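Presented below is the structure to which this report refers.
Quick note: residue numbers are just sequence positions, from 1. As the structure is a prediction and not an experimental result, all values here were calculated from the model. FYI, side chains are in, hydrogens and waters are out, and symmetry mates aren't considered; it's all heavy atoms of this structure.
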Amino acid sequence: MAVGVGLLVVVLSIFNGFQKQVKESLWQGGPHITIENSYGSGAIYDFEKVIHHLKSDPKLAESFVSVEGNITSHGLIQSNNNFNPIMIRAVPVDSIEKLVENGLPNFPRILQYDRDEIQAINTKKLVVVGKEMSAIYGYGLGRDITMAVPGGRFTVERGVQVNVQTFRLVGLFKTGYYNYDSKFVFLSLPQAQEFFKMEGAVNQVAIKVRSLDDLKLTKQRILSRLNEDNWNSKIQDETSWSVRTIAEEQENFLAALRLEKTIISIIVFLFIVLAALGMVATVHSLIRAKRRSIGTLKALGLASNDILLIFTLNAMIVGILSSLVGGMTGIFIATKLEVIINVISEIINGIGGLLNPGDWDPVELVPKDIYYFDHIPVDIDISFIFMVTTAATILSGLAGYFPARMAANLNPVDTIRND
């Protein structure tokens, strides 16, 4: 029982930490709610009026961290003689100090940057790319990067016109979400408007909210606000609003995380159930060993309910002690997991180096380049541990109840005579 509880605490703490870190990476990487125009080219020319209209609702204004226009589009980046698909995102940079101090809500955390060149990000063709993209394509600070985006409208005669420009890399960012850090290129909004030929316009209104638990409700309020009839009719005639949340964009991924956690929880919880079945056998063996004593006590007048209570409480006490030991052990292992894994890695590498000197490749049990974590994420949920230990105690009581009931129903005369 103790092993099952401890194992469940460790496994679920790791999964909770993993989910928490992945979600934080997603929330930090981009806007929480995106408003787009499905009409025509998708450009929103009066986006400042849209922002002002949304902020005029006190409930919405209170839930917003930031609301700003940006440009997000697919593009191509040149690497050697090839063009590879990327995502280009442009946001307003109203303060260079906020940018380098990671104070812009829709700009990811910058790890490295050229302090002198980044000052001109609003006036020169400068970009910031993800750390992983830099590693994939071999880009370093100061490198010239050629990007291509659609320019103009599609025509049958000429096809899709392409706008190609060269930008200078002045910074590297990291969100902790690999797909984001390997695909996105950031630049300032004025430079992107020129690059995409969208002077004075954006194709998105990006929103960061204070509480991610209210995304669905906030989306409904935004839609209601945008579809009101008493505001700028010109904007409404030229737009068809669509609103989506980051939870909807990442729905399949988040659902896979939840399903994975549920399946692992069920599998590990079966260890506790198996331990409870073992306790049934233990209590049953105890009763068989104490049949004569039980018969004697019943012959002396001890009630059947008292016999039932004694053996049931015995099983519950064992369950409580097992839950406490298992829970405390699980918490200790979870908090020291990275140290334990590093020690195991060193032992394996030490033995391997002795057995195969010169031919041994060091083993890394948790490769950081695969899992993309600086450390093993662990999030210990005390309420969950309480729930697990309570469930284990209840299962122990049930495991002791049925054998105890058999003991309570023993006939004292037959028991004493036969034993």
Side-chain angles (χ1 to χ4, degrees), residues 1-17 261-337 339-341 344 378-419:
M1 183 69 73
V3 174
V5 172
L7 183 61
L8 188 59
V9 169
V10 173
V11 170
L12 267 298
S13 296
I14 294 173
F15 268 91
N16 286 338
K261 179 180 177 181
T262 301
I263 292 174
I264 292 296
S265 300
I266 292 173
I267 292 173
V268 178
F269 188 73
L270 290 177
F271 283 98
I272 298 178
V273 175
L274 184 62
L277 293 176
M279 187 168 292
V280 172
T282 301
V283 176
H284 181 74
S285 299
L286 178 64
I287 290 171
R288 287 182 62 86
K290 299 294 183 180
R291 280 173 60 89
R292 186 179 183 87
S293 300
I294 294 169
T296 303
L297 290 172
K298 293 195 71 175
L300 293 173
L302 188 64
S304 297
N305 289 337
D306 293 336
I307 299 292
L308 177 65
L309 183 62
I310 289 170
F311 285 99
T312 303
L313 286 177
N314 177 76
M316 289 193 70
I317 291 172
V318 173
I320 291 172
L321 293 176
S322 299
S323 299
L324 290 175
V325 172
M328 294 175 65
T329 304
I331 292 173
F332 175 78
I333 293 175
T335 54
K336 302 295 183 181
L337 186 61
V339 176
I340 293 172
I341 289 179
I344 295 174
V378 174
D379 182 27
I380 299 173
D381 188 347
I382 299 299
S383 62
F384 171 78
I385 295 174
F386 176 77
M387 181 182 68
V388 170
T389 53
T390 302
T393 302
I394 293 173
L395 284 175
S396 300
L398 291 175
Y401 172 78
F402 295 102
R405 188 174 181 181
M406 181 189 71
N409 292 330
L410 289 175
N411 188 314
V413 175
D414 293 339
T415 301
I416 295 173
R417 181 176 62 244
N418 295 332
D419 291 344

Inset, instruction - Apply the side chain to side chain contact (heavy atoms under 4.5 Å, CB included) test between Arg405 and each candidate in Leu308, Thr312, Ile307; give the one that qualifies. - result: Leu308
Any residue meeting side chain to side chain contact (heavy atoms under 4.5 Å, CB included) with [X], in chain and number order, not counting sequence neighbours:
X      : value
Thr262 : Ile266
Ile333 : Val10, Thr329, Leu337, Ile340
Ile317 : Leu321
Ser285 : none

Legend entry - Atom of Ser323, atom of Thr393 and distance for their closest heavy-atom approach: OG-OG1, 3.8 Å
Legend entry - Taking every non-hydrogen atom, the tightest pair across Ser396 and Met316: CB-CA, 4.4 Å
I want to check something: taking the side chain as every heavy atom from C-beta on, are [X] and [Y] in contact at a cut-off of under 4.5 Å?
X      : Y      : answer
Asp379 : Ser13  : no
Val378 : Thr335 : no
Phe332 : Met328 : no

Inset, instruction - Go through the steps to decide whether Thr390 and Ile394 satisfy the test side-chain contact (heavy atoms from CB on, under 4.5 Å), and finish with yes or no. - result: CA-CA 6 Å; Thr390 302; Ile394 293 173; 4.0 Å; yes
